[in-house]
Amino acid sequence: DKSPLFVSGVELLSHAVELYSQGNERKYKFVILHLANSVELILKDRLIDKGVSIYLAKKAQTIGIWDAFDELQKVGIIIAERPVIELLIDDRNTIQHRFGFPNAETVFYYLEQTIAFFKRFLGDEYNVDLAEVLKLHLSEADLALIGLAKKKEDEYSSLDKLFDISPESAVLQAYNLLEKKYVEFIGVPSSLKSRPILLFRDAEFTHLLRDLASKGYLSENAPVKFTLLREMRNRAAHAAHFQEGFLSPDWAEALNVAREMLMALDKAAANGDLLKRRESSLESDAQAKAPDEGSKQSGNVG
């Protein structure tokens, strides 16, 4: 797409990534400004594509983002990410008009959410791959930083760069990658993928860690290590609920644990171990349900 709004939106998104990757706290507020503006531009560009004017009646001023949401809905385009975008816009306005200095974790949260929105929106509405668009503007390292690397080693090595910027964000990103990879490997049905998988509550994940350890992919104390990763992830995600001195954070060790588990999942999948285990697990589930179904059928006949 060569339209000025599309090009400007992508350039602002790219610049936001570059600014964040520098790790300069003084520039974090500009990341927020660029992200919010990039979203507004891409929404308005889609309205223009649909033949809808983005200008207010009798005024040389364009509509705001809330009006853009309403106009898009009128032409059948629903923005599922609207709640997060509204928070982003609100924080942008606070920074613009009343100053503000967001921390690295907050900025990365908005960066991650905006990237997810663009990836979904460009795919659905423009039939365009975000990674292909951004590679014209960003380095491989920056693409890896936002999870758009083509190679797994780049994806995992980017965690180190993110760690230098914000250890908390790196641990959150690594934990999210672990959840995503686990969902892929256990073959969650597409109808259930929208539901969050809570690793620390999933008995099969704990069993999987023990299984990987028994086959030599992980160390024997993998379940204990995962407890550390879970605690550090919770601290990063809910920092306001942790008092100083309550838990001595070991972000580096938590990241090492996540990386070890990610690599173990990759190796096991390459050897077919995870797939075999999942198939046997499904067979066991089916056998466990068979007697109950048989009993129901017998009861109906009787």
Novice: Salt bridge or not for K119 and D129, using N-O below 4.0 Å?
Specialist: no
Novice: Please give me the minimum heavy-atom distance between A170 and L162, naming the atom from each residue.
Specialist: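 Heavy atoms only, the tightest pair is CA-CD2, 3.6 Å.
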Novice: Let's go through T94 and D91 carefully: what are the C-alpha distance in whole Å and the side-chain angles of both, what is the deciding distance for side chain to side chain donor-acceptor pair (under 3.5 Å) to 0.1 Å, and is it a yes or a no?
Specialist: CA-CA 5 Å; T94 298; D91 277 354; 4.8 Å; no
Novice: Quick one: is the NZ or CZ of R46 closer than 6.0 Å to the six-membered ring centre of Y126, and within 45° of its axis?
Specialist: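 Because its charged atom sits under 6.0 Å from the ring centre and within 45° of the axis, R46 does stack over Y126.
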Novice: How close do L47 and A68 get, counting heavy atoms only, and between which atoms?
Specialist: CD1-CA, 4.0 Å
Novice: May I ask you to say whether R92 pairs ionically with E40, meaning some side-chain N is under 4.0 Å from a carboxylate O?
Specialist: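 Salt bridge: yes.
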Novice: Below 4.0 angstrom, N of the basic side chain to O of the carboxylate: do K74 and D70 qualify?
Specialist: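 Salt bridge absent between K74 and D70.
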Novice: Does D164, at its CG atom, have more than 12 non-hydrogen atoms belonging to other residues, nucleotides or ligands within less than 6.0 Å?
Specialist: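 Yes, because the 6.0 Å sphere around CG of D164 holds more than 12 heavy atoms from other groups.
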Novice: I need the minimum non-hydrogen distance between K161 and A141, along with the two atoms involved.
Specialist: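 So the minimum-distance heavy-atom pair works out to NZ-CB, 4.1 Å.
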Novice: Show the numbers, then the answer: is there a side chain to side chain donor-acceptor pair (under 3.5 Å) between Y156 and D266?
Specialist: CA-CA 12 Å; Y156 300 156; D266 286 337; 2.8 Å; yes
Novice: Determine, for E231 against R235, whether the closest basic-nitrogen to carboxylate-oxygen distance falls under 4.0 angstrom.
Specialist: no
Novice: From F118 CZ over to I146 CD1, what is the distance, rounded to the nearest 0.5 angstrom?
Specialist: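 F118 CZ to I146 CD1: 11.0 Å, rounded to 0.5 Å.
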Novice: Check whether more than 12 heavy atoms from other residues, nucleotides or ligands sit under 6.0 Å from atom CD of E86, and answer yes or no.
Specialist: yes
Novice: Dump the intermediate steps for salt bridge (Lys or Arg N to Asp or Glu O under 4.0 Å) on E253 and K225, then the final yes or no.
Specialist: CA-CA 9 Å; E253 179 60 21; K225 286 185 174 182; 5.1 Å; no
Novice: To check you understand the geometry: which heavy-atom pair defines the closest contact between L262 and A174, and what is its length?
Specialist: CD1-O, 4.3 Å
Novice: Hey, is NZ on K267 packed in by over 12 heavy atoms from elsewhere, all under 6.0 Å?
Specialist: no
Novice: Would L13 and L143 show up in the same hydrophobic cluster when neighbours are defined by side-chain heavy atoms closer than 4.5 Å?
Specialist: yes
Novice: Could you label the plane-to-plane angle of the Y175 and F226 rings as parallel, tilted or perpendicular, counting under 30° as parallel and over 60° as perpendicular?
Specialist: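 Parallel, since the angle between the ring planes stays under 30°.
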Novice: Can you confirm whether more than 12 heavy atoms, excluding those of Q22, are under 6.0 Å from its CD atom?
Specialist: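 Yes, because the 6.0 Å sphere around CD of Q22 holds more than 12 heavy atoms from other groups.
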Novice: Of the non-hydrogen atoms in A104 and Y20, which two are nearest, and what is the gap between them?
Specialist: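 Looks like O-OH, 3.2 Å.
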Novice: Among V31, I115, I32, exactly one meets side-chain contact (heavy atoms from CB on, under 4.5 Å) together with Y110. Which residue is that?
Specialist: I32
Novice: Side-chain heavy atoms under 4.5 angstrom apart, residues restricted to Ile, Leu, Val, Met, Phe, Trp, Tyr: same cluster for I63 and Y55?
Specialist: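 Result: yes, single cluster for both.
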